Peer 1: 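So that we are looking at the same thing, I have put the structure below in structure tokens.
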Amino acid sequence: MLKYSNSEMMAIAAGRLIKDGDIVFAGTGVSMLAATVAKRIYAPRAVIFFETGGIDPALDEIPMAVADLRVMSGTALNSGLIEAFSTVGHRKLRTVAFLGAAQVDQYGNLNTTCIGDYHRPQKRFSGSGGGNDVASLASGGITFMQHEKRRLVEKLDYMTSVGWYRGGNSRQELGLKRGGAVAVVTNLGLLHFHEETKEIYLAEYFPGVTVEQVQENTGFALDVTNAKEAAPPTAEELAILREEVDPQGLICQPPEQ
Amino acid sequence: MLKYSNSEMMAIAAGRLIKDGDIVFAGTGVSMLAATVAKRIYAPRAVIFFETGGIDPALDEIPMAVADLRVMSGTALNSGLIEAFSTVGHRKLRTVAFLGAAQVDQYGNLNTTCIGDYHRPQKRFSGSGGGNDVASLASGGITFMQHEKRRLVEKLDYMTSVGWYRGGNSRQELGLKRGGAVAVVTNLGLLHFHEETKEIYLAEYFPGVTVEQVQENTGFALDVTNAKEAAPPTAEELAILREEVDPQGLICQPPEQ
Amino acid sequence: MTGCSEIAERLISLDEAVEEVIFDGCQLAIGGFTVTRNPMALIYTIIRRGIKDLHLVCHSNGQGMDILVGAGCVKRLEIAYGGNGRYAPTCIRFRRAVETGKLEFEDYSNYQMALRFLAGSLSIPFIPTRTGLGSDLMELEGFSSEVRREEKVASSKYARVDNPFSAEKEEVPLLPALNPDVALIHAQYVGEDGTVRIKGLTFADLEQAKAADKVIVTFEELVPRSFIRQDPDQNSLAAFFVDAYVKVPYGSHPTACFNYYDYDPAHLNLYRHMAEDDDRFQEYLGEWVYGVESHEEYLRKVGIDMLLKIKASPGIGYAPGLDRK
Amino acid sequence: MTGCSEIAERLISLDEAVEEVIFDGCQLAIGGFTVTRNPMALIYTIIRRGIKDLHLVCHSNGQGMDILVGAGCVKRLEIAYGGNGRYAPTCIRFRRAVETGKLEFEDYSNYQMALRFLAGSLSIPFIPTRTGLGSDLMELEGFSSEVRREEKVASSKYARVDNPFSAEKEEVPLLPALNPDVALIHAQYVGEDGTVRIKGLTFADLEQAKAADKVIVTFEELVPRSFIRQDPDQNSLAAFFVDAYVKVPYGSHPTACFNYYDYDPAHLNLYRHMAEDDDRFQEYLGEWVYGVESHEEYLRKVGIDMLLKIKASPGIGYAPGLDRK
């Protein structure tokens, strides 16, 4: 059996969600790998771009920040923030945004701002950045996070970015015309949202993970009725990830032998 | 005595109004010549630019339109309309706009839209273009026109661009924070505006023109109490205009011998 | 990727592009400005194919707007400036159409129209402006209240709102965003990857393209991926904004295209002369539009002598010494 | 014109620029984004000169923002993102200052801050947005009502207005424009005529510069007029927007400058380590800011070995193979 690490599984599971032709708004870290794996395997016509304005960079090396020089090298076009964000929200484009978060709730809303009181937090994070913008404007959002009770929570300490808001039609009623949370990819599995209620549920657990383990690490009661085991990474997926996408191993360390 | 044509006198009289360091928003025709003469003689640090976005072009040849390729050749910077117009209105810049018009009234308001009813005019002109914008935003506006009774009128058929509006402080009260009409340059002389009332008056009549002639060709009672004769073009001014600025004679034909 | 163009399926002919994208009654924005980079080849094709009832949204459009109006393709026009510089201080068929009541028209200023396209490109419903105050632009509406109720027409010409961030009362005019059905752009370069590069001034072309539902780009030259990606700071529009590409050398003749060719002064003068009279204008259309089967035939009519005369000089971008009277 | 620089009188030193343009309590915007093109040399000079009570307005600023906050120069902060990418997912001195209540702060999103600078650059008082709806960005204000009454602080974080162009009721959020007292920009090229050219992504630098009352530009290289004017489509900012120029090679170290040098991973890691502890951070400032008399001395401390390691490869723009762990 192939050996692979947790973050490799996450990158590949998320990559499989990208459709050919999608405009993928990538962050750094695992989400960048997911986008790049997707483009090289399942979605050759996907276009990767960054909130900083670099469209379709060569990505011969992995960027360490969205403003890394590597996101402006070999691109189709370099522009500014206004152009980048207006592209994410453009009605004629199917744009998918990758997001990170410190907390997610059962409607896919995200916190990247703080733990505790906003004005005097126990722990302060980086803030929205482009997170709120892409969660508001993109056709769909995919979030990455570690699967922990304190991270998958009933109530966010601060709602930085809106997913399905309070479920049902509440997102549309806010005036957000499209988009919403597509999936949450954790180190334990893949979570989707019910079509009508917009409540989160476990769609897939990764090989080696049990449903109980997922439940134990979730801060609210999780619907697991339709959960099935995810397909493990294929040899091709792993080879591309390790040899082409992140050969320096900056993001994903392969598992210890 | 030096011979010169009417349009040469107009270009030079207007050029003399430019101060060193002014950002001059030029149109085509005589106003372009005025700006270029000014830069080559009185105001070497003046910057000429066009509403289309070309800043400080080489102007080795006279442009025939503000979108002429000659306004984008040898420039410091080529941009778009948004950048150009936001520059005209920038509070840190002293910007002077040259304008043309079919009609002007005694407060320096301009009509470049139509004669007769707006919806079914006897004569339709090109419309505002950037005229309203620069009249609203620039630090000052200088208008060129032929001196005729039907052009210097008590009431405009259509107020395309605002000068001093209804005089006094009425321009500021509209919400136009700066600017206003600086001068009207006609083929007969130079008209300025009273500091308080903002009413137009004859400041200078060109050599060979009489005050009576000016009055006869004006559609309202014109204050001529302070009028004096303008200094004729100097040999240097004419030489630069004819040899450097418009050597092809596209705008100003020198007088017949 | 394979050496072939990545945009092969979007690289179509003038007729196909007009057939697929433009429809009777659509709201249309055309790139360029007065005598420069008008998408003329597309415009001739629109006329030839008998497209009608267009709602044209322009800032300062000259040649392209005037011939569309003159050929009877335009029902409704929003515009800041209808002129061809010294070649026609007011566009003649435009003037005639307004004076004879043949056109629904609305006047804005140039900056205002550019801001309306900007707002459309940003997907915001309106944008404030500091111009227009006190003028008849804000006092008089060209469109009737019936027209105001139609699709793609803003419900009012302007709106006003009190600045909510100001302590004193300050009324701010708002401009309605524009989101045309189609934008037509002529560019110098398109890469094999579909990236568009416009050289020289861009006017409001990029805002128009990003504001529109569909975009057709005609271009002078198809260049390799390696060329267009060598300096991506210079590029203008990503491939995902473009719905159809048509390679059309001299595609903006008789208007100019920076670094490629100057405007054609003889043709602009001919056009003005022909436009001055209704019958002569029909003759002009017959000879230069309806009577011409392809862009290649059009260029043969213009003739190699003129194409050489207007050829732009490298490093200068226009044709120095061209007789422009 | 004479071969000498046309901007000679505006070409001054770092100390002169800070002395002449920046004042205690001023509202300051800094260009760049996280680990790229921060105007670090100017920022070190600000710290060294003891400027205080700054009102910093940022979108996603990393290194430059964090060291200003850490050095105690900042009283008030409006920000979308405080991070250095993988080198510090949350900027450490920023985090500490917020957690210990040492900072007046207000959160916006990145697009919102960029739009606020855009509105300022267009001289319009506000601009609509489609983001923020439903989130705590719009529910919670960081600034107190006292702070809201102070100069250069918008009277409210957002406003809402009914879209006057919509038949159905539709509430649209409005963002207040930003017009900082000063913007600091680091660019690759300045021409002898004062024209500024930024290569690679420009972030919100141009909007910040045009929104500000005063602009200081530091740059890598002063280039001849003939060079900067050869392709003016590439230029970023006209000379009349710039109040002071300072030539500072490696002026954004340890952040990156496209085509010139990559970020310095060793220095960013060192900074993170030192920033994690209050005393260590003072040591860092002592060694790298207060203890350094000039930018040249700073570069000698960085050392030629590192400057060669981070040197960008032409045609790629960054330093390939650089150890970035």
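Hydrogens, waters and symmetry mates are skipped; everything else that's a heavy atom, side chains included, is used. As the structure is a prediction and not an experimental result, all values here were calculated from the model.
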Peer 1: With side-chain hydrogen bond (donor to acceptor under 3.5 Å, both in side chains) as the criterion, how do A:D68 and D:Y318 come out once you've worked through the C-alpha distance, each side chain's angles and the decisive distance to 0.1 Å?
Peer 2: CA-CA 9 Å; A:D68 194 309; D:Y318 59 84; over 6 Å; no

Peer 1: What pair of heavy atoms forms the shortest contact from D:D262 to A:R70, and how long is it?
Peer 2: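 Looking at all heavy atoms of both residues, the closest pair is OD2-NH2, 2.6 Å.
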
Peer 1: Pick one of side chain, backbone, both or neither for A:Y165, based on which atoms fall under 4.5 Å of a heavy atom in chain D.
Peer 2: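 A:Y165 touches chain D through side-chain heavy atoms alone.
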
Peer 1: Start with the C-alpha gap between A:Y118 and D:F105, add the side-chain angles, then the distance that decides, and say whether ring-ring contact (aromatic ring centres under 6.0 Å, His included) holds.
Peer 2: CA-CA 10 Å; A:Y118 170 61; D:F105 65 93; 5.3 Å; yes

Peer 1: For the residue pair D:N110 and A:E51, confirm or rule out a side-chain donor-acceptor distance under 3.5 Å.
Peer 2: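 Yes.
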
Peer 1: If you take all heavy atoms of D:Y263 and A:M64, which pair is closest and at what distance?
Peer 2: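 Shortest heavy-atom separation between D:Y263 and A:M64 comes out as OH-CG, 3.4 Å.
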
Peer 1: So which of A:R171, A:R166, A:K177, A:E173 has the largest heavy-atom pair count under 4.5 angstrom toward chain D?
Peer 2: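 That would be A:K177.
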
Peer 1: Checking heavy atoms, do the side chain of A:T52, its backbone, both or neither come under 4.5 Å from chain D?
Peer 2: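 Both the backbone and the side chain of A:T52 come within 4.5 Å of chain D.
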
Peer 1: Enter the distance from D:T90:OG1 to A:K123:NZ here, rounded to the nearest 0.5 Å.
Peer 2: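 So the OG1 of D:T90 and the NZ of A:K123 are separated by 8.0 Å.
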
Peer 1: Do you know which of D:T129, D:L133, D:T255 has the most heavy-atom pairs with chain A at a distance under 4.5 angstrom?
Peer 2: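 Of D:T129, D:L133, D:T255, D:L133 has the most heavy-atom pairs under 4.5 Å with chain A.
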
Peer 1: Of the backbone (N, CA, C, O) and the side chain (C-beta and beyond), which part of D:T202 lies under 4.5 Å from a heavy atom of chain A, both, or neither?
Peer 2: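 Its backbone and side chain both get close to chain A.
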
Peer 1: Using a cut-off of under 4.5 Å for heavy-atom pairs, which of A:S170, A:G175, A:P121 has the most such pairs with chain D?
Peer 2: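 Between A:S170, A:G175, A:P121, the count favours A:P121.
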
Peer 1: Could you check whether any side-chain N or O of A:R124 sits under 3.5 Å from a backbone N or O of D:V98, counting only pairs where one atom can act as donor and the other as acceptor?
Peer 2: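 Looks like no, no N/O pair under 3.5 Å.
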
Peer 1: How far apart are the closest heavy atoms of D:L322 and A:Q248, and which atoms are they?
Peer 2: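 For D:L322 and A:Q248, the tightest heavy-atom pair comes out as O-NE2, 3.8 Å.
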
Peer 1: With only heavy atoms counted, which part of D:P320 is less than 4.5 Å from chain A, the side chain, the backbone, both or neither?
Peer 2: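 Answer is both: backbone and side chain atoms of D:P320 are under 4.5 Å from chain A.
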
Peer 1: Looking at D:G32, D:G62, D:A80, D:G85, which one has more heavy-atom pairs under 4.5 Å with chain A than the rest?
Peer 2: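 Heavy-atom pairs under 4.5 Å are most numerous for D:A80.
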
Peer 1: If we define contacts as heavy-atom pairs under 4.5 Å, which of D:G83, D:C91, D:G142, D:G315 has the most with chain A?
Peer 2: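 Looking at each of D:G83, D:C91, D:G142, D:G315 in turn, D:G142 comes out on top.
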
Peer 1: Please identify, among D:L201, D:T36, D:V35, D:I79, the residue contributing the most non-hydrogen atom pairs under 4.5 Å to chain A.
Peer 2: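 Maximum pair count with chain A is reached by D:L201.
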
Peer 1: Please name the pair of heavy atoms, one in D:Y81 and one in A:G127, separated by the smallest distance, quoted to 0.1 Å.
Peer 2: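 So the two residues come closest at CD1-O, 4.2 Å.
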
Peer 1: Hey, which of A:S136, A:A67, A:A65 has the most heavy atom pairs under 4.5 Å with chain D?
Peer 2: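 That would be A:A67.
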
Peer 1: For the CZ atom of D:R130 and the CZ atom of A:R178, what is their distance to the nearest 0.5 Å?
Peer 2: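 With rounding to 0.5 Å, CZ (D:R130) is 12.5 Å from CZ (A:R178).
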
Peer 1: Please confirm whether the backbone N or O of A:R120 pairs with a side-chain atom of D:E99, one donor and one acceptor, at under 3.5 Å?
Peer 2: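 Judged by distance alone, no pair lies under 3.5 Å.
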
Peer 1: Which answer fits A:S126, side chain, backbone, both or neither, if we ask what part of it has an atom under 4.5 Å from a heavy atom of chain D?
Peer 2: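 Both the backbone and the side chain of A:S126 come within 4.5 Å of chain D.
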
Peer 1: Which atoms of D:L118 come close to chain A, meaning under 4.5 Å heavy atom to heavy atom: side chain ones, backbone ones, both, or neither?
Peer 2: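 The answer is the side chain of D:L118.
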
Peer 1: Find the one option among D:T100, D:N84, D:L206 whose heavy-atom pairs under 4.5 Å with chain A are most numerous.
Peer 2: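 So the answer, after comparing D:T100, D:N84, D:L206, is D:T100.
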
Peer 1: Evaluate the criterion side-chain contact (heavy atoms from CB on, under 4.5 Å) for residue pair D:R324 and A:E61; output intermediate values, then yes/no.
Peer 2: CA-CA 11 Å; D:R324 295 183 290 136; A:E61 291 190 5; 3.5 Å; yes

Peer 1: As an exercise, state the distance from CG of A:N132 to CG of D:D136, rounded to the nearest 0.5 Å.
Peer 2: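 The distance works out to 10.0 Å.
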
Peer 1: Taking A:S128 for the side chain and D:Y108 for the main chain, is one N or O donor matched with an acceptor at less than 3.5 Å?
Peer 2: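 Not confirmed, A:S128 side chain does not pair with D:Y108 backbone.
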
Peer 1: Are D:R86 and A:L250 packed together at the side-chain level, in the sense that at least one heavy-atom pair is separated by less than 4.5 angstrom?
Peer 2: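 A side-chain contact is absent here, since even the closest heavy-atom pair is not under 4.5 Å.
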
Peer 1: Is the count of non-hydrogen atoms from other residues, nucleotides or ligands lying under 6.0 Å from A:K155 atom NZ greater than 12?
Peer 2: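 Atom NZ in A:K155 is not packed in, count stays at 12 or less.
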
Peer 1: Name the region of D:E106, side chain, backbone, both or neither, that has any atom closer than 4.5 Å to a heavy atom of chain A.
Peer 2: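 Interface part for D:E106: both.
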
Peer 1: Using 30° and 60° as the class boundaries, would you call the ring planes of A:F85 and D:Y111 parallel, tilted or perpendicular?
Peer 2: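 A:F85 and D:Y111: parallel rings.
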
Peer 1: For each of D:S60, D:A256, D:A114, tally heavy-atom pairs with chain A at distances under 4.5 Å, and name the one with the top tally.
Peer 2: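 Among the listed options, the one with the most contacts to chain A is D:A114.
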
Peer 1: In terms of heavy-atom proximity below 4.5 Å to chain D, should A:L137 be classed as side chain, backbone, both, or neither?
Peer 2: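 Looking at A:L137, just its side chain touches chain D.
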
Peer 1: Tell me whether D:S109 contacts the main-chain N or O of A:D133 through its side chain, where contact means a donor paired with an acceptor under 3.5 Å.
Peer 2: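 No, D:S109 side chain to A:D133 backbone: no donor-acceptor pair under 3.5 Å.
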
Peer 1: Quick check for you: among A:V162, A:L77, A:L81, A:N78, which has the greatest number of heavy-atom pairs under 4.5 Å with chain D?
Peer 2: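 Option with the top pair count is A:L81.
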
Peer 1: At under 4.5 Å between heavy atoms, what parts of residues 158-175 of chain D are in contact with chain A? List them by residue number.
Peer 2: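 Residues in range: D:E170.
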
Peer 1: Looking only at side-chain N and O atoms, does D:D107 offer a donor or acceptor that is under 3.5 Å from a partner on A:Y158?
Peer 2: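 A:Y158 vs D:D107: no donor-acceptor pair found between side chains.
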
Peer 1: With a 4.5 Å heavy-atom cut-off (strictly below), which parts of residues 102-113 of chain A touch chain D? List them by number.
Peer 2: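 If one takes a 4.5 Å heavy-atom cut-off, the residues of residues 102-113 of chain A near chain D are A:T113.
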
Peer 1: Could you look at D:E207 and say if it's the side chain, the backbone, both or neither that has a heavy atom under 4.5 Å from chain A?
Peer 2: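 Side chain only.
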
Peer 1: Considering only heavy atoms, which portion of D:Y261 lies under 4.5 Å from any heavy atom of chain A: side chain, backbone, both, or neither?
Peer 2: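 The backbone, not the side chain.
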
